[in-house]
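Written below as structure tokens is the structure these notes are about.
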Amino acid sequence: MKPRPSILLAVSAFALVSCGKSGPPARSTGFSVALLTPGPISDAGWNAGAYEGLKAIEKELGASISHVQVKSPSEFEEQFRAYAAKATRLVFGHGFEFQDAAARVAKEYPSTVFVTTSGSKTAPNLAPIVFELEQAAYLCGLVSGRMTKTGKAGMVGGVELPSIKSTFLAYEAGFVAGHPGGTARPVFTGSFEDVAGAKAAALALADQGCDFLFQNADAAALGVFKGAEERKIRAFGTNKNQNALSPAVLASAVIDMPRAFVETARRVKDGKFDGQTLRYGLASGVISFVWNPAALANVPPAVVEETKSAEEKIRSGAFVVPRGNF
Amino acid sequence: MTQESAARRFVVAAIALAAAAAALVGLTLLAGASPIDALHALAEGSVGSRAALGETLARATALVLTAIAASLAFRAGVLNIGLEGQFLAGAVAAAAVGPLLSGAPFVARAGLLVASALAGALWVLPAAYLEARRGVPEVLSTILLNLIAAAAVSGLVRGALQDPRGDYPQSRALPDAVRLAPLVSGSRATAAIVAAIALALLVTLVVEATPLGLKLRATGLAPAAARAIGLPGARLRLLAFSASGALAGLAGGLEVLAVTGRLYDPFSAGAGYTGIAAALLGGSHPLAAAASAMLFAALGAGSSAMQRDTGVPGALATIVPGVLVLTVLAARARLTQKRA
């Protein structure tokens, strides 16, 4: 039997021809902002935070907004180009992985600003957002240093990444500042999801005499909190406000992602974007140190006061928190 | 996976496209957007401009190759569901050897693509061995190999293949000189799509018009009869299986070479699975499968535009290809019943 060319070939060819002559795409007017997320915005986490930021930009800055979920790395460049071609003023790529594609497209569309959430590449119209969580981690360390009885603190991390180690460096600096001669020990479980492993690490640290635990372990943080509850020691929340998750949480080092998006968009709208890395710390309000109201009664008022004045020094730039070089 | 008459194909395709269009209109209404705007964005974003057409072609490269890979295997009676894994194996090979290759870009590209095709072919071997020696159905083993490949990618970009510069789970970037440049400026289509179409023609020629192709098809259609006339069934199956894997591996290599420049995790949005759907839609005829792959690529690019311009969630638009394939299969089954 002789094969025949598929009718589908003809149909798609017809579609090609008939659609080729529609008019030029509508140009957006005014301030337009777009967001590329690597996952669904219903994830109640990384992507949801970015979309919340985009909605806030619409509301606070009166921007016209658009969002697209990118399904694989092969689409990064396509989506950036599509938005830039429509003269979108600002396009966010929500993750380090968008850097390469953003850098390529940024060269061709100088009037569109490209911002990646984390990363290091910069250009006149390209910059990454960097969250200075270290500033709040330092305050956590300072509090633990002032309150520790044993002079020992533990730090539980997921995967041993430079960004995680950087927050540990800051926590340790704070701890030693609050308790000269104190030691802070890091443990990496190798996973951001392994709750049981994080709990085991927390228990081991407690058994070595640590009476405060800092963590940067994402979902596995729950294990650290459970371990701290069992040994009746204190722990800290990170990234999100985790104060309600456990009575063992003394305070949280919080990133307000939507706020970073709004601040960035405002800078672009006001013509103040200069292609420099967008660093957001305590001063911008994007990073904050939040006491757990349920645990605050156990904190000496002098420690609360000292934390407040240290925070002021960091905000004003009088004190620079150490961070990893990565 | 048998041949169909042109008239029957036309009926099936018409029913399927009508059902897909109806599904699209229904879904946009459900999402509270105007179907006219959505359809306009779909057309505009897939074929409405040189840039859009370029995106469709850039997406199509991997899909065309996996679609012909699937067709080739299916026609020889091998249910290779492992194209996704073989695609990833090819991408891993490209990311592993790409940054190491020096010399002229042409030589580096050739080396990278050979490594990708080999990796794809090698990734079918465990499944082929288990099927031939232990009677493990290849449907099962190839699906499991897909999962292993995805996990391996995830591990490698955080381990052996991680870019030493920086903190990110991604492999080292290919040198710009090695990466394929766009054929025309303002579009993202590269020579990769030309290579994919050429391979589609070649595979069609081999499968449909050579003695080897006849033997492959005979083995697929009636294994017992093929054995009875002395055809080496096991060897022919292995040949089709590994050639299919090599094509999928090549697709992965070209994706790195032409589109992404590195390995990421996750790397694929299911190129291997979409290839299977395209092969089913094209009745396992390599050329029809390649055309279906183009259609899927256009739908993919168009649905992104729909999401950008009208706010229709991208997930809704991805239902459309599913409706297409299901309708085709149902219509085909119904027509076959009528005949019987």
Side-chain angles (χ1 to χ4, degrees), chain A residues 1-13 15-26 34 38 40-42 65-79 81-83 85-86 88 95-97 99-101 104 108 118-120 159 161-164 166 324 326, chain B residues 3 5-6 9-10 12-14 17 40 43-49 51-53 55 58-59 62 158 166-170 173 188 204 208 255 259-262 264 266-271 281-283 285 287-289 291-292 294-295 298 300-301 304-305 307-309 311 313-315 318:
Chain A
M1 199 188 302
K2 209 171 180 308
R4 287 165 193 275
S6 161
I7 200 71
L8 276 170
L9 194 63
V11 170
S12 24
L16 277 171
V17 176
S18 60
C19 297
K21 50 183 186 245
S22 15
I41 52 174
S42 52
I65 60 164
S66 174
H67 159 254
V68 71
Q69 180 189 335
V70 180
K71 295 190 191 68
S72 77
S74 57
E75 286 178 34
F76 294 166
E77 215 179 304
E78 168 184 340
Q79 309 294 2
R81 270 176 203 286
Y83 280 125
K86 284 201 292 182
T88 305
F96 75 89
E97 64 268 39
Q99 292 184 87
D100 289 355
R104 288 162 81 93
E108 291 168 48
S118 86
S120 53
V159 181
L161 297 173
S163 55
I164 306 293
S166 179
F326 62 94
Chain B
Q3 286 295 300
S5 73
R9 274 192 193 184
F10 181 79
V12 168
L17 285 174
H40 183 254
E44 195 62 42
S46 52
V47 291
S49 65
L53 196 57
E55 300 306 347
R59 279 171 182 254
R158 293 176 173 82
D167 180 17
Y168 313 113
Q170 61 185 13
R188 217 158 54 87
T204 307
E208 308 292 343
E255 191 82 343
V259 184
T260 65
R262 340 177 169 238
Y264 294 93
F267 181 75
S268 169
L281 193 59
H285 185 291
L287 205 55
S292 309
M294 290 277 192
L295 182 67
S304 274
Q307 197 183 354
R308 287 193 302 262
D309 295 351
T318 54

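Computed from heavy atoms alone, side chains included, the values below leave out hydrogens, waters and symmetry copies. Every chain is numbered from 1, with letters handed out A, B, ... down the list of sequences.
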Worksheet entry | Donor-acceptor under 3.5 Å (B:Ser292 side chain, B:Ala288 main chain) | yes
Worksheet item: Contact part of A:Gln79 toward chain B, heavy-atom cut-off under 4.5 Å: side chain, backbone, both or neither?
Response: both
Worksheet, complete the sentence: Sorted by chain and number, sequence neighbours left out, ring pair (Phe, Tyr, Trp, His ring centres under 6.0 Å) with A:Tyr83 holds for none
Discussion item. If we define contacts as heavy-atom pairs under 4.5 Å, which of B:Arg308, B:Gln170, B:Glu255, B:Arg262 has the most with chain A?
Written reply: B:Arg308
Discussion item. To the closest 0.5 Å, what do you measure between CD (B:Glu44) and CG (B:Asp309)?
Written reply: 8.5 Å
Worksheet item: By a 4.5 Å heavy-atom criterion (distance strictly below it), what part of B:Arg158 contacts chain A: side chain, backbone, both, or neither?
Response: neither
Worksheet item: Between A:Phe76 and B:Tyr264, how do the two ring planes meet: parallel, tilted or perpendicular, split at 30° and 60°?
Response: perpendicular
Worksheet item: Which bit of B:Ser268 is near chain A, if near means a heavy-atom gap under 4.5 Å: side chain, backbone, both or neither?
Response: backbone
Worksheet, complete the sentence: Okay, B:Ala301 and chain A: the region with an atom under 4.5 Å from a heavy atom over there is both
Worksheet item: Taking only residues two or more places apart in sequence, or in another chain, which ones meet B:Arg188 in a side-chain contact (heavy atoms from CB on, under 4.5 Å)?
Response: A:Glu77, A:Glu78, A:Arg81, B:Glu55, B:Ala58, B:Val259
